[in-house]
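What follows is a set of notes on a single structure, which appears directly below.
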2 protein chains.
Amino acid sequence: MKNLTLKDIALALGLSITTVSKALKDYPDVSAKTKEKVKAYAEKVNFTPNAYAAFLRTQESKMIGVVIPRLNHYFFSNVLRGIMHQAEANNYMVIVLSSEESYELEKKQVAKLVKQNVDGILISIADTTHNLEHINRVNELNIPLVFFDKYSKLSPSPSVIINDQQAAYMAVNHLIARGKKNIAHLRGPLLPQNSIDRFLGYRKAIEEKQLTYKKEWIFTCENISSDDGYRYTKHILEHHPEVDAIFAVADLPAIGAIKCLNEYEIAIPEQMAVMGFSNWGISALTTPALSTVNQPGEEMGASAFDLFLAEKERLRKGENSNVENIELATDLVIREST
Amino acid sequence: MKNLTLKDIALALGLSITTVSKALKDYPDVSAKTKEKVKAYAEKVNFTPNAYAAFLRTQESKMIGVVIPRLNHYFFSNVLRGIMHQAEANNYMVIVLSSEESYELEKKQVAKLVKQNVDGILISIADTTHNLEHINRVNELNIPLVFFDKYSKLSPSPSVIINDQQAAYMAVNHLIARGKKNIAHLRGPLLPQNSIDRFLGYRKAIEEKQLTYKKEWIFTCENISSDDGYRYTKHILEHHPEVDAIFAVADLPAIGAIKCLNEYEIAIPEQMAVMGFSNWGISALTTPALSTVNQPGEEMGASAFDLFLAEKERLRKGENSNVENIELATDLVIREST
DNA sequence: GTTACAAACGAAATCGTTTTCGAATTATAA
DNA sequence: TTATAATTCGAAAACGATTTCGTTTGTAAC
């Protein structure tokens with residue numbers, strides 16, 4: 001009924017604990033016959049070695065920690081699913097912690113994972129993270145660490161990201177191709193690399209086509225919330241009537257924008273086009289449906305886990321080979337709002 | 001730099017491992033002076049006992065497992081946050097697994113948690129779970145198990161739920177108070193208790209006010225998706241023009257309904273009112289904004305964790321006292337769609 | 001000075017697995 | 001027949017914390 005031990009199996013088969021353990025791990029100094037017998041019995045009673053005891057010897061916990069900025073976030077949920085799927089395939093357990101976009105909490109969560117002796121940490125850093133001491137400490141302890149989506153250029157750890165600048169560039173070019181000339185940008189906070197890159201992609205597209213670029217058309221969504229989008233759109237309507245398109249850093253502000261435009265009975269996309277970023281599940285359900293950039297969440301999660309395995313191997317071998325970085329492709333999802 | 005052990009502290013202070021351990025746990029046979037010294041040093045070097053080694057003696061892993069039907073689900077994300085918050089306060093780690101609404105996967109995930117020696121399991125069962133052997137097995141192993149939101153009446157384990165029947169009853173009564181007389185219901189799958197209860201609440205309200213109740217106005221959303229809502233609403237418009245309100249088992253189908261009604265340019269709520277259930281973040285952002293029933297997710301998560309602690313204590317003492325069940329209050333959120 | 005007792009500390013066993021090293025058995029060669 | 005090698009197994013020592021049970025030391029009572 002309860003979880004069996006090697007001892008139980010050894011007793012049942014008249015073998016020593018050592019031989020049972022070695023048989024299960026295919027040591028060469030156990031006869032084929034004995035291996036068969038042990039494996040068959042272990043299979044029958046559904047034995048799996050006690051992970052805690054194993055850790056004590058091997059110092060491998062077979063657990064990884066994941067730190068994400070937010071739990072109830074469509075994109076990160078998808079990344080998580082990708083991570084967990086890959087983790088399961090490799091017999092790893094996953095501990096998920098949220099930083100709630102707070103630098104202080106992020107530090108605590110990372111420390112907690114280190115104390116838990118996780119074999120590695122996958123992290124997407126918070127909007128407010130301005131210091132990488134906690135990350136550096138993980139590196140010093142030789143614990144594999146992988147960034148996904150929100151990384152820092154100041155850390156040498158491997159990362160899997162999208163090309164935010166290029167994606168934003170494509171998105172804005174799409175608006176331009178639709179004939180829009182005065183495009184406002186609801187950008188993200190100032191620190192995160194991806195909100196910087198999306199802004200740069202926006203500016204590059206504008207400048208390349210020699211459209212007007214105005215600082216007054218750039219608004220910073222501190223919380224990347226629908227409320228941010230709603231408020232700034234209202235402001236745009238009242239103070240910048242010449243604006244004919246909005247490119248938002250994420251779907252949530254874009255949906256807030258649509259909400260506002262609907263209330264003011266502005267025709268979308270004729271009078272004002274709206275472009276989001278991330279392709280959340282809900283973005284297909286607004287009226288009108290939101291055009292956006294698709295981010296491959298599950299793929300990113302799976303790649304992040306694979307990078308962790310690679311990084312672990314790299315650290316084990318003590319190689320000074322370069323870390324891997326992965327850049328995933330994105331694509332435009334054109335719907336009714338453009 | 002690396003994680004310290006009791007041995008390191010003992011060596012540094014010229015004490016035995018035993019005394020250090022006992023000092024940290026406030027054993028009575030350690031002098032106050034020594035306790036002070038040990039605690040101060042442990043604090044300074046940020047010592048925490050190795051959880052894996054501790055488990056081997058105490059058989060307590062200080063980890064709980066959580067199984068939810070879906071990861072990217074607004075309500076469950078909130079429950080998770082409540083669980084994690086409470087877990088952190090009590091020094092527990094949380095392993096989250098998803099059943100993806102599949103009975104088979106749910107069984108696997110529970111088995112995995114048992115193998116991991118979690119101290120308890122919090123679970124919201126899948127829509128397709130029709131058999132409780134896996135739950136019973138957990139009970140037999142004396143591992144505390146707590147249901148939240150989606151439970152089974154066939155298991156004696158404690159649970160924290162809402163009164164779905166009463167909440168649905170209130171919601172439908174609200175539609176009736178708005179003058180609606182022919183109310184359709186987009187119900188959930190047949191197995192889960194909450195979709196049964198919401199249906200019963202709907203029927204109770206209808207029958208009590210002696211409105212017409214028709215089987216043809218009941219539609220089963222197998223996936224509780226927006227697509228379900230969209231499809232059935234289209235069907236209602238085409239085949240049951242007399243229907244003047246829709247009560248959905250969840251927000252997602254309700255949003256699908258609104259999407260459809262908008263496309264057909266049906267006036268909401270004048271020609272057709274729509275009521276959801278759960279109060280997802282997006283339900284305030286549709287046009288028109290969705291009326292719904294608020295479910296206290298975080299509170300439910302926190303209560304579930306508390307129930308786990310209580311159940312653990314109950315099992316430890318071997319009491320045959322009754323298990324606790326908690327029912328949380330819900331409230332209507334009236335927006336534009338009614 | 002002897003005994004009794006409490007206070008303060010440590011030795012050692014234990015949890016279950018892994019792995020090194022040595023012992024035992026069998027097979028092979030001389 | 002003996003020496004050697006190959007094969008197969010098991011004893012035992014870790015890993016780090018917990019806890020039982022002794023041991024030592026000091027104090028008080030007689």
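The figures here come from the full heavy-atom set of this structure, side chains too, leaving out hydrogens, waters and symmetry mates. So you know, we letter chains A, B, ... as the sequences are listed, proteins then strands, and number each from 1.
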query = Mapping B/Gln59 and B/Leu15 to their closest nucleotides on DNA chain C, which lands nearer the 5' end?
reply = B/Leu15
request  = Using whole Å, report how far CG of A/Leu24 lies from P of C/dT19.
outcome  = 13 Å
query = For A/Asn3 and C/dC15, what is the distance between atoms CG and P respectively, to the nearest whole Å?
reply = 15 Å
request  = Return each pair, listed once, that meets side chain to side chain donor-acceptor pair (under 3.5 Å) where at least one residue sits in residues 41-56 of chain B; pairs must be two or more places apart or across chains.
outcome  = A/Lys115-B/Thr48
key: All salt bridge (charged side-chain N to carboxylate O under 4.0 Å, His left out) counterparts of B/Glu313, not counting sequence neighbours   = B/Arg316
inquiry  = Tell me the bend of the helix from C/dG1-D/dC30 to C/dA30-D/dT1 as the angle between end helix axes, each from five pairs, rounded to the nearest 10 degrees.
reply    = 70°
message = What is the separation between atom CG on A/Leu4 and atom P on C/dT17, rounded to the nearest whole Å?
response = 9 Å
query = Quick one: are A/Ser152 and A/Ile125 in side-chain contact, heavy atoms under 4.5 Å?
reply = yes
key: A/Glu101 backbone acceptor or donor facing A/Thr128 side chain under 3.5 Å   = yes
task = Return the set of residues passing ring pair (Phe, Tyr, Trp, His ring centres under 6.0 Å) with B/Phe147 (not counting sequence neighbours), or none when no residue passes.
result = none
query = Do the side-chain N or O atoms of A/Tyr52 get closer than 4.0 angstrom to the phosphate oxygens (OP1, OP2) of C/dC15?
reply = no
inquiry  = Taking the nucleotide of DNA chain C with the nearest heavy atom to each, does A/Arg57 or B/Ala32 sit closer to the 5' end?
reply    = B/Ala32
message = Please classify the nucleic acid contact of A/Thr18 as base, sugar-phosphate, or nothing, using heavy-atom distances under 4.0 Å.
response = base
note = CG of B/Leu145 to OG of B/Ser157, rounded to nearest 0.5 Å, is 4.5 Å
query = With sequence neighbours excluded, what pairs up with A/Asp127 under the salt bridge (charged side-chain N to carboxylate O under 4.0 Å, His left out) test?
reply = A/Lys150
inquiry  = With the threshold set at under 4.0 Å for non-hydrogen atoms, list the residues of residues 109-121 of chain B touching DNA chain D in residue-number order.
reply    = none
message = For the CD1 atom of A/Ile68 and the NE2 atom of A/His73, what is their distance to the nearest 0.5 Å?
response = 9.0 Å
task = For B/Lys7 and C/dA11, give me the distance from atom NZ to atom P, rounded to whole Å.
result = 13 Å
message = So, using salt bridge (charged side-chain N to carboxylate O under 4.0 Å, His left out) as the criterion, who are the partners of A/Arg314 when residues are at least two apart?
response = A/Glu311
inquiry  = Could you walk me through whether B/Met63 and A/Met63 satisfy the side-chain contact (heavy atoms from CB on, under 4.5 Å) test, starting with their C-alpha distance in whole Å, then the side-chain angles of each, then the deciding distance to 0.1 Å, before giving a yes or no?
reply    = CA-CA 12 Å; B/Met63 306 199 69; A/Met63 307 199 69; 3.9 Å; yes
Nucleotides 21-27 of chain C: protein proximity per nucleotide (B base, S sugar-phosphate only, - neither; heavy atom, under 4.0 Å) = B------
ask   = For residues 106-128 of chain B, which residue pairs qualify under ring pair (Phe, Tyr, Trp, His ring centres under 6.0 Å), counting only residues two or more places apart or in two chains?
value = none
message = Can you tell me if A/Thr5 touches the phosphate of C/dG16, counting only side-chain N or O atoms and a distance under 4.0 Å to OP1 or OP2?
response = no
Gap between atoms CG and P, on A/Asp8 and C/dT17 respectively (whole Å) = 8 Å
request  = Examine the side chains of B/Asp306 and B/Ser303 and answer whether a donor and an acceptor come within less than 3.5 Å of each other.
outcome  = no
ask   = Within the pair B/Thr19 and C/dG10, is there a side-chain N or O less than 4.0 Å away from OP1 or OP2?
value = yes
query = Do B/Ser155 and B/Asn139 have side-chain heavy atoms sitting under 4.5 Å apart?
reply = yes
inquiry  = Distance check needed: C/dC15 P versus A/Leu6 CG, whole Å only.
reply    = 13 Å
Salt bridge (Lys or Arg N to Asp or Glu O under 4.0 Å) contacts in which one or both residues fall within residues 13-25 of chain A, not counting sequence neighbours = A/Lys22-A/Asp29
inquiry  = By the 4.0 Å heavy-atom rule, please label A/Ser21 as base, sugar-phosphate, or nothing.
reply    = base
note = Separation of C/dT17 atom P from A/Glu60 atom CD, nearest Å, is 16 Å
query = Between B/Leu56 (CG) and C/dT18 (C1'), how many Å, whole number?
reply = 13 Å
request  = Choose from C/dT17, C/dG10, C/dA8 the nucleotide whose nearest atom is closest to any side-chain atom of A/Ala54.
outcome  = C/dT17
query = Contact boundaries of DNA chain D with chain A (under 4.0 Å, heavy atoms), 5' to 3'?
reply = D/dT8 to D/dG16
query = Please, which pairs that meet ring pair (Phe, Tyr, Trp, His ring centres under 6.0 Å) have at least one residue in residues 89-117 of chain A, sequence neighbours excluded?
reply = A/Tyr92-A/Phe305, A/Tyr92-A/Phe308, A/Tyr103-A/His130, A/Tyr103-A/His134
